[in-house]
4 protein chains.
Amino acid sequence: MTTSIAVVGVSGFSGIELVRLAAQRADLAVVSVLSDRWKDAGLGRWIPGLPAALASLVVRPQADALAAARDADVVVLATPAEASADLAPKILGLGRRVLDLSGAFRLTSPDVFREYYRFEHPEPALLAEAHYGLPQLPAAAGDAPRLRDARLVANPGCYATAAILPLAPLVAEGLAEPDALFVDGKSGVTGAGRKVAENLLFTEVSENLSPYRVANHQHTPEIELALSRVAQTDVSVTFAPHLAPLRRGLIATTFGRLTERGRSADLDGALRRAYAQASSPFPDPVVEVVAPEEVTVKDVWGRPTARVGARGDTRRGSFVAIGSLDNLLKGAASQAMENLLGMVER
Amino acid sequence: MTTSIAVVGVSGFSGIELVRLAAQRADLAVVSVLSDRWKDAGLGRWIPGLPAALASLVVRPQADALAAARDADVVVLATPAEASADLAPKILGLGRRVLDLSGAFRLTSPDVFREYYRFEHPEPALLAEAHYGLPQLPAAAGDAPRLRDARLVANPGCYATAAILPLAPLVAEGLAEPDALFVDGKSGVTGAGRKVAENLLFTEVSENLSPYRVANHQHTPEIELALSRVAQTDVSVTFAPHLAPLRRGLIATTFGRLTERGRSADLDGALRRAYAQASSPFPDPVVEVVAPEEVTVKDVWGRPTARVGARGDTRRGSFVAIGSLDNLLKGAASQAMENLLGMVER
Amino acid sequence: MTTSIAVVGVSGFSGIELVRLAAQRADLAVVSVLSDRWKDAGLGRWIPGLPAALASLVVRPQADALAAARDADVVVLATPAEASADLAPKILGLGRRVLDLSGAFRLTSPDVFREYYRFEHPEPALLAEAHYGLPQLPAAAGDAPRLRDARLVANPGCYATAAILPLAPLVAEGLAEPDALFVDGKSGVTGAGRKVAENLLFTEVSENLSPYRVANHQHTPEIELALSRVAQTDVSVTFAPHLAPLRRGLIATTFGRLTERGRSADLDGALRRAYAQASSPFPDPVVEVVAPEEVTVKDVWGRPTARVGARGDTRRGSFVAIGSLDNLLKGAASQAMENLLGMVER
Amino acid sequence: MTTSIAVVGVSGFSGIELVRLAAQRADLAVVSVLSDRWKDAGLGRWIPGLPAALASLVVRPQADALAAARDADVVVLATPAEASADLAPKILGLGRRVLDLSGAFRLTSPDVFREYYRFEHPEPALLAEAHYGLPQLPAAAGDAPRLRDARLVANPGCYATAAILPLAPLVAEGLAEPDALFVDGKSGVTGAGRKVAENLLFTEVSENLSPYRVANHQHTPEIELALSRVAQTDVSVTFAPHLAPLRRGLIATTFGRLTERGRSADLDGALRRAYAQASSPFPDPVVEVVAPEEVTVKDVWGRPTARVGARGDTRRGSFVAIGSLDNLLKGAASQAMENLLGMVER
């Protein structure tokens, strides 16, 4: 049985990677691709290396999204949050399922949403319904069983995935104090999407490192929400992201205080237990647990894999836990592929 | 009155920058330069743009260090820690003063030194005597008055300077909880010195970010010691450094919990008060207090200036404080110049 | 029918890419992989993303090359020229076929070989026998029919491929004066292989461009030989390669004088005619003819495709013809795959 | 005696470097700086490291150019060609001298100007009058004596300077065939000025090399004109520039056929003779003659120096001659400084 998908916003970095991944699977058929940037030419003009059928698929304008949705089992939205928030309810209204790569459905509170995304959510009821699709979250999250049945799946953010994966096992096992966790993010420029903006010029990015949205980035409440579910208690996260001079790849370095129990625990063991059973639809694993010094960008670049590692400092009662991933793959398209396959699993 | 200086280890990145800075001052005369890498040629062969007198100064082998010391008022050691630990006592024994750019004299405890530097300090008594030369440390540190009289000055580490400058005012004013501070460091490759090592190849560094010495880097106790003096209480720091794909420049992003008093305080104001009076021997200031998003590498690259910025999150009771600098200037050579001028001030 | 191959020198950049390409084909079975750098661990430890069978294939020491050859239909040598020159005759002696990625068998004259490779060829008779495997060379080269029958195939150099492809149609049709062609090469650092050398450090390569082996690079006679066969007259080439600050990718910009006939000819048309029929074993074409300004690295990065483009300046009687490719793919591994498939075609 | 200068277009990369250089000289006073990008703030807000007087100089809108000209001895135009072509005649009309960094006055023929600059020159008479300010051009150019008296000086282009310097001695001595010279240029992105354009984004430039304006770049006739004057015969040049992933720095690699006399000549000696007497107003020389492999960007980065080197291939009757420079210094601002000092020399 083949699942047919439509991809809205195919010309973005994540949309392109998603099409590349889908092209490798016989059980998925990309039947429509939409973009206002590329419209009216075959996909092969823009994305090299595709099989002939996909290469000749003509890109449609985004205004065709609802028409395209009718012919698809699942619609993948690789659009900005505001566009996704507008489109998703309409597509659900047609009886189609939605996998959204933006942040439009990752939070549950309309108030928090407004504060961080800076617009009013048009369909707050869907915030409660949407499934947060990070398949490796410990069972305590209670979400995994619902993926198969979800109408609307929110694909996690790139920073959020890289921060949640190393931290979740520590808070789940009560090893890290939940009241004050800290996340330092460093991302390559494709994390910002394909924009022509002065701060993304080569002369601005190369030989530079720059913090942005310090202590007010929109992935902050997303990390808190996911970790609070896992910990079954409120978790507080302070987050500072930085732009680094590379194309793709991201590291989230997290810090916190160990609980009494955490001081005598084996943090590496906790991570290994958490991800030992994680299944992968790719030749590569979806999570690799390694020493913190091996949680590099180089080792996950171009791969659907997150690396995680942790080290406790028992004298100081603290820990460092690190996650790295390719922001376009495990931080976007390959995680979307995990979710897509989970949605249609039989 | 001219002060004569000898520079041992002139071929390192810091040594080169120091000579460049000294060349611009009429009150300093570089009388000897030593290096085993460059010996027996005029300095101009290796460092372009020098005035004729310096360009023709012949580089001597490092074995001549004691002979060279005899002709100098101050000997600057731009050598690895083990070499500095060996040379400094001998030079002091000749009645000459020493400014050391390595970590050999930045700590006070021989035990902590051994743990982090991985060799036995040959002259532990000097650890207590050495002046830690970060001239902008708040007066509470009690060190500033001693610079003029110090026989032996330890120039701070690059990460340490970038972390101490934004944190010192916060702990000095009792705004940050001292029991658990966290530092995330990101540095360009010149921070590792001029080594031919696989991990410094272009193919390893470009498109990569990689953590190293996580929670056990030797600048950790250096930061703790400086902040503890300022706070007049024990300060605990957990530090994770990362190598980033740029030549020079460094950011230290620090995190912690606010004290009760800190929650209602103006963190930016605290930084501004701390550095308002900092004097600079350069056209540029030595510290600039800006918004956290402006604490970039680009804005300090090639300058003798550290930038610092802080933001509190009162709801979460936490803060982020960031420092950036050029690792070869405020993280090494220009700070050495500040110290050198302070040592010989009349 | 499956062809079994052994790869000697699998840990080099080209060896890795070759294994990745072979993993995607059902008609090829990699049965042995050899490397002194990686020996005694499964290939999956070093190359992520491989199917299970390949990932578990244990890397053998290079000393096992002859034993491994006995079990393979074709032995791929991804070794330095001196090692290839030594191994190839021995493998042929066992009745096995060889595809060599080094320069050991790309020239025909032992004298020219000695001058450019700086060692004495141990088996000069094989220089005459080896098939130069650039499958898109115009039929005039007379080589294409022999690939299927060749015992020994020399895979072309990366610069040579990028220079020959845009120039061959021009000299074949008598549009370019053959007495003085000029090639300017610019390559990313992986072109130099995986060496720990000072000139390949990040601090040396970034923010730098540097010429090397100016007018005496070993690909010079290789280009001349291939073009002379195509032109059926002696062709003279002057070549200057440069190292550029990128990981992979290469551009050869070629210049020359137009013949009388060339001044009224359509150079773009000549290129299109030459490559219109080129067949490709990949989803992507092996050659794309585009405007000169579109012969970029970006458009061939990660692809098995060379781009070529040409423009004449009739007033000046001159032309510029440019070729770009990914030095690890069309400049090495994907071209090797083309040759491998051509060798075993039935 | 102090010369007062006004700088129009100070916010461009070249304008900034020019102010930095002027700040170091006691005989030059920058009295006005103009820019529509920066207007109404002190220069120190944008350019760090300036002495107090310059840092506090308020940037004026470009509409004030004529008023500012009245107070200056020389007006430096760091404006686009179209703006320079408009402003220069008006400033000359006020009796002030002009040093123009654009291409507006580098050619002599209005027809060639229109073809390459794509607009009609508003003041063609000035094309004949303008002095082409490349001070190291061999005396045969007949221009050097006029610099002191010139009302209008055209500062050469960056590619043009890098190509002319290695070629001029070869054509002046009759060593290179003038009918067909070839120039391959490779430049960092600051060569394109400070524009927000898609092709200058980090994601487009890094890991890329791309040719542009192949065989029709506007520096082509500029190189031909300068070399024709030197050779005292028509020189034909074919030029292909490329964008490379670095911030600053440029290499021009030139190729051609040797004349009969050139085949037995010492090309390196010809370059050395040509530049042995070149005087420099900087601690560094303005030209360094080295082996071709040492004509790198690294060795001229941040310096007012061009490097040149040449090698003949007598067997092939050809040569390669290479020039490298920092496009913002010897390719723009430091050469402007040479010209400025020459204009006011007494």
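Bear in mind that the values here come from a model prediction, so they are computed numbers and not experimental data. Order of the sequence lines sets the chain letters (A, B, ...), proteins ahead of strands, with each chain counted from 1.
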Write out, in numerical order, the residues from residues 107-117 of chain B with a heavy atom short of 4.5 Å from a heavy atom in chain A. E115(B), Y116(B)
Please report the C-alpha distance between R316(A) and L181(B) in whole Å, then the side-chain angles of each, then the deciding distance to 0.1 Å, and finally whether the side-chain contact (heavy atoms from CB on, under 4.5 Å) criterion is met. CA-CA 10 Å; R316(A) 292 181 177 87; L181(B) 296 171; over 6 Å; no
So what's closer than 4.5 Å to chain B heavy atoms on [X]: side chain, backbone, both or neither?
| X | result |
| --- | --- |
| V300(A) | neither |
| A215(A) | both |
| V320(A) | side chain |
| V183(A) | backbone |

Taking all non-hydrogen atoms of both residues into account, name the closest pair between [X] and [Y] and its distance.
| X | Y | result |
| --- | --- | --- |
| N208(B) | L246(A) | N-CD1, 3.8 Å |
| E293(B) | Y212(A) | CG-CA, 3.7 Å |
| P211(A) | P292(B) | CG-O, 3.3 Å |
| F255(B) | T238(A) | CE2-O, 4.2 Å |

Heavy-atom distance under 4.5 Å to chain A: side chain of [X], backbone, both or neither?
| X | result |
| --- | --- |
| D299(B) | neither |
| E224(B) | side chain |
| A244(B) | side chain |

With chain A, which of [options] has the greatest number of heavy-atom pairs at distances under 4.5 Å?
| options | answer |
| --- | --- |
| L243(B), D313(B), I251(B) | I251(B) |
| R247(B), R248(B), R315(B), E204(B) | R247(B) |
| E294(B), E207(B), R311(B), R213(B) | E207(B) |
| I322(B), V237(B), D179(B), N216(B) | V237(B) |

Any Lys/Arg nitrogen of K186(B) or D184(A) sitting under 4.0 Å from an Asp/Glu carboxylate oxygen of the other?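 Judged by the 4.0 Å cut-off on N to carboxylate O distance, K186(B) and D184(A) do form a salt bridge.
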For residues K298(B) and L209(A), determine if any side-chain heavy atom of one lies less than 4.5 Å from a side-chain heavy atom of the other. no
Under a 4.5 Å cut-off applied to non-hydrogen side-chain atoms, are P245(B) and P245(A) in contact?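 A side-chain contact exists here, since the closest heavy-atom pair is under 4.5 Å.
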So, T296(B) versus S210(A): side-chain donor-acceptor pair below 3.5 Å or not?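 No.
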Spacing of F182(B) atom CZ and T253(A) atom OG1 [to the nearest 0.5 Å]: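 The OG1 atom of T253(A) is 13.0 Å from CZ of F182(B), to the nearest 0.5 Å.
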